[in-house]
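I have placed the structure first, in the form of structure tokens, so that the comments after it can refer back to it.
Remember, predicted model here, so these are calculated numbers, not experimental data. By convention in this document, chain letters (A, B, ...) are assigned in the order of the sequence lines, proteins followed by strands, and residues within each chain are numbered from 1.
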Amino acid sequence: MKVRTRFAPSPTGHVHIGNMRAAIYNWLFARHHGGEFLLRVEDTDRERSTTEAIQTLLEAMAWLKLDVDEEPLYQSTRMEVHLEAAEQLLAKGLAYKEDKGGTGQGECVIFRMPGTDVSFEDGIKGTLSKAADNMQDFVIVRSNGTPVFHLANVLDDIEQGVTHVIRGDDHIENTYRHIALYRALGADVPNFAHLPMLVNAQGKPYSKRDGDAFVGDFREKGFLGDALFNYLALLGWSPGDDREVMTREEMVEAFTLERCQSSAAQVDLKKLTWMNGEYMLKLPDEEFEAIAFGELDRAGIDAEPEYAEKVFTLIRERAKTVTDIVPLAGYFFTDEIVYDEKAVKKKLKKDGVADTLHKAKAIFETLEVFNEASTDEALHDFVETSGLGFGAVMAPVRIAVSGVQSGPDLFPVLAVLGRERVLKRIDRTLELFFA
RNA sequence: GACCCCUUCGUCUAGUGGCCUAGGACUCCAGGUUUUCAUCCUGGCAACACGGGUUCGAGUCCCGUAGGGGUCGCCA
């Protein structure tokens with residue numbers, strides 16, 4: 001039988017990375033087995049389900065390249081089927097009506113647990129079981145006539161032909177009930193696998209206060225979808241060897257439930273950042289450029305394409321995240337550079353620096369051609385004849401043209417900026433700090 | 001509280017009874033390379049929760065204890 005897995009989120013606001021990891025594992029599992037990956041939108045909670053939320057969900061999935069094999073099933077379209085099934089359970093005596101707790105809310109439909117122990121083979125945790133005495137009947141249709149999650153979820157999984165239910169282990173208790181429901185409904189019980197939870201940097205479950213746990217936030221922070229996918233895939237699973245940065249194909253090939261961890265995993269932003277840096281480095285030039293232009297645009301920087309591309313090649317290996325780009329490249333695009341206070345204090349406001357800058361300017365002015373090689377040679381000559389150290393020459397020049405004391409190699413920076421900008425910036429520096 | 005689940009370096013993990021004086025990665029530290037920073041290279045710190053068994057031999061199997069988490073809704 002062909003493997004079919006699904007991601008069944010309720011579109012109530014943002015998509016949490018814990019949920020998204022479950023989606024990734026479902027996707028990986030389906031692809032590994034040459035099966036199908038489906039989406040079901042559990043949008044029965046009308047209050048909280050909005051079209052914007054559904055849109056956000058779809059965007060997040062597209063960003064992570066989680067392609068689905070069939071049109072999404074919207075649970076809200078299935079209410080009649082759910083209710084019909086409840087009627088049948090009622091007719092067979094497998095469910096009953098009652099004003100639960102005598103609250104006066106009216107009668108709801110309650111599913112009768114079979115009174116036998118339930119156990120199943122969990123794909124990750126092994127044999128799981130629960131004694132009949134510890135399980136109680138539960139509501140499947142509210143007194144207002146709407147179906148409850150348990151009923152709808154099981155019926156829709158049957159409808160979509162889901163063979164493997166891979167979800168968070170906060171669903172374990174539900175699974176015992178769901179299995180009883182499948183049986184009562186006369187349906188095959190699918191395979192279940194329960195993933196451990198993801199916890200925050202404090203080792204605690206993510207709460208509403210952890211504003212950084214939504215998929216969209218990671219995108220905002222400059223992480224690449226492929227990097228987040230890879231990182232999340234490795235949070236709770238490993239290929240069994242030392243590979244960490246892996247292609248989709250490698251992950252699909254290596255993914256098995258047996259290799260999934262059964263204990264909670266903690267999200268480590270530092271490692272995600274490292275991994276993202278690896279992905280940034282592997283980006284084809286055109287892709288990096290497209291991203292970088294987008295960033296400049298967002299920052300309101302109007303960049304001349306040819307010039308900008310040269311800048312990007314200089315800074316790209318230093319950018320660990322997308323959001324690093326503008327801070328790294330910003331000074332190339334304005335002569336009104338912002339000077340780093342510490343750099344100025346430490347390296348610029350020193351005896352002899354004004355003289356050094358004047359001389360450097362004179363050298364740059366007289367250079368026949370102004371490029372990487374010529375500035376390199378000229379400045380090295382200057383260092384030798386002046387008796388100054390490299391640092392005493394390079395640092396002031398760098399700060400004069402960029403405002404900061406670190407960055408790519410100085411000579412390529414000078415070459416890309418070009419003589420005109422370099423001279424103008426040295427003048428401005430002289431005026432601002434040594435006038 | 002009841003029931004269920006979980007427990008290897010700070011973090012993610014390898015480990016399926018001998019190959020483990022426990023391996024890799026991130027972080028951190030030191031040194032090297034470098035005009036600076038980043039990269040890169042080399043090295044280092046750092047863990048089997050605890051207690052009992054079983055066994056010639058236990059991180060690996062069993063039991064218990066402790067700690068953490070989940071569930072106990074007419075939410076999903």
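- Scanning atom types as modelled, one donor and one acceptor separated by under 3.5 angstrom connect the side chain of A:S143 and the base of B:C74.
- The heavy-atom pair separating A:F214 from A:I17 by the smallest distance is C-CG2, 4.4 Å.
- Comparing B:C12, B:C74, B:C6 by their closest approach to the side chain of A:C108 singles out B:C74.
- Rounded to an integer number of Å, the gap from A:L272 CG to B:U27 P is 12 Å.
- With B:G24, B:U13, B:A76 as the choices, the nucleotide that has an atom nearest any side-chain atom of A:T44 turns out to be B:A76.
- Here B:A25 is the nucleotide among B:A25, B:A14, B:A76 with the atom lying nearest to any side-chain atom of A:K271.
- Under the 4.0 Å criterion applied to side-chain N and carboxylate O atoms, A:D241 and A:R243 are assigned as salt-bridge partners.
- The side chain of A:W274 lies closest to B:C26 when the candidates are B:U35, B:C26, B:C6.
- No contact: A:L281 has no heavy atom under 4.0 Å from any strand.
- In this structure, A:P205 reaches the sugar-phosphate backbone alone: every heavy-atom distance under 4.0 Å involves primed, P, OP1 or OP2 atoms, never a base.
- Judged by closest nucleotide on RNA chain B, A:G126 is the one of A:G126 and A:H171 placed further toward the 5' end.
- Comparing B:U11 with B:G52, their C1' atoms are spaced 31 Å from each other, to the whole Å.
- Contact annotation for A:H150: base contact, defined as any heavy-atom pair under 4.0 Å involving a base atom.
- Under the 30°/60° scheme for interplanar angles, the aromatic rings of A:F120 and A:F192 are found to stand perpendicular.
- Note on A:G106: a base of the nucleic acid sits closer than 4.0 angstrom, heavy atoms only.
- No contact: A:D133 has no heavy atom under 4.0 Å from any strand.
- When both distances must be under 3.5 Å, the Watson-Crick or G-U wobble mate of B:C28 is B:G44.
- Considering only side-chain atoms of A:D409, the nucleotide from B:U36, B:C5, B:A25 that sits closest is B:U36.
- Residue A:K270 is classed as a sugar-phosphate contact, given heavy-atom separations below 4.0 Å to backbone atoms only.
- A heavy atom lying under 4.0 Å from RNA chain B marks the following residues of residues 386-406 of chain A, by number: A:F390, A:G391, A:M394, A:R398, A:Q405, A:S406.
- Using a 4.0 Å heavy-atom cutoff across all strands shown, A:T273 reaches no nucleic acid atom at all.
- Pairing for B:A2 is with B:U71, a Watson-Crick or G-U wobble pair whose two hydrogen-bonding atom distances lie under 3.5 Å.
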Using the 3.5 Å cut-off, write out each protein N or O paired with an N or O of nucleotides 61-67 of chain B and the distance between them.
none

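- What separates CZ of A:F411 from C1' of B:U35 is a distance of 7 Å, to the nearest Å.
- When each of B:U7, B:C4, B:U13 is scored by its nearest atom to the side-chain atoms of A:Q261, the top-ranked nucleotide is B:U13.
- Taking only side-chain atoms of A:N134, from C-beta outward, the nucleotide of B:C74, B:U35, B:A2 with the closest atom is B:A2.
- A cation-pi arrangement is absent between A:K221 and A:F223, since the terminal nitrogen or guanidinium carbon is not both under 6.0 Å from the aromatic centre and inside a 45° cone about the axis.
- Look at B:A66: its Watson-Crick or wobble partner, with both distances under 3.5 angstrom, is B:U7.
- Under 4.0 angstrom from either OP1 or OP2 of B:G69 there lies at least one side-chain N or O belonging to A:K204.
- Relative orientation of the A:F288 and A:F312 rings is perpendicular, given thresholds of 30° and 60° on the angle between their planes.
- Residue contacts shown for A:Q105 include a base, since a base heavy atom lies under 4.0 Å away.
- Contacts of A:D99 with the nucleic acid, taken as non-hydrogen atoms under 4.0 Å apart, include base atoms.
- B:G70 atom P lies 14 Å from atom CG of A:N174, rounded to whole Å.
- When the side chain to side chain donor-acceptor pair (under 3.5 Å) test is applied to A:W27, the partners found at least two apart in sequence or on another chain are A:D67.
- For the C1' atoms, the distance from B:A25 to B:U21 is 22 Å, rounded to whole Å.
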Check: Passes side-chain hydrogen bond (donor to acceptor under 3.5 Å, both in side chains), A:N153 versus A:E42? Steps please.
Finding: CA-CA 8 Å; A:N153 185 272; A:E42 302 207 330; 3.1 Å; yes

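- Annotation: cation-pi geometry satisfied between A:R21 and A:Y25 (NZ/CZ under 6.0 angstrom from ring centroid, within 45° of ring axis).
- Each of B:U13, B:A25, B:A76 was ranked by its minimum atom distance to the side chain of A:S10; first place goes to B:A76.
- The pair A:D169-A:K125 meets the salt-bridge criterion, with a side-chain N (NZ, NE, NH1 or NH2) lying under 4.0 Å from an Asp/Glu carboxylate O.
- Rounded to whole Å, the distance from CZ on A:F192 to P on B:U71 is 17 Å.
- Taking a cutoff of 4.0 Å between a charged side-chain nitrogen and a carboxylate oxygen, A:D156 and A:R40 qualify as a salt bridge.
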Margin query: If you apply the rule salt bridge (charged side-chain N to carboxylate O under 4.0 Å, His left out), what do you find for A:K130 with A:D117, and how did you get there?
Written below: CA-CA 6 Å; A:K130 189 144 175 137; A:D117 297 354; over 6 Å; no

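- Among the nucleotides B:C74, B:A76, B:A38, the one closest to the side chain of A:E317 is B:A38.
- Neither OP1 nor OP2 of B:A76 sits under 4.0 Å from any side-chain N or O of A:R167.
- The shortest distance between the side-chain N/O atoms of A:K125 and the OP1/OP2 oxygens of B:C5 is not below 4.0 Å.
- B:G44 and B:A49 are spaced 26 Å apart, taking the C1' atom of each and rounding to whole Å.
- Residue contacts for A:L234: at a heavy-atom cut-off of 4.0 Å it reaches the sugar-phosphate backbone alone, with no base atom in range.
- For the pair A:R259 and B:G15, the criterion of a side-chain N or O lying under 4.0 Å from OP1 or OP2 is met.
- Within the 3.5 Å criterion, the main-chain N or O of A:M394 finds no donor-acceptor partner in the side chain of A:R398.
- Residues A:M246 and A:A254 come closest through the heavy atom pair CE-CB, 4.3 Å.
- When distances are taken from the side chain of A:E42 to each of B:U7, B:A76, B:G23, the shortest belongs to B:A76.
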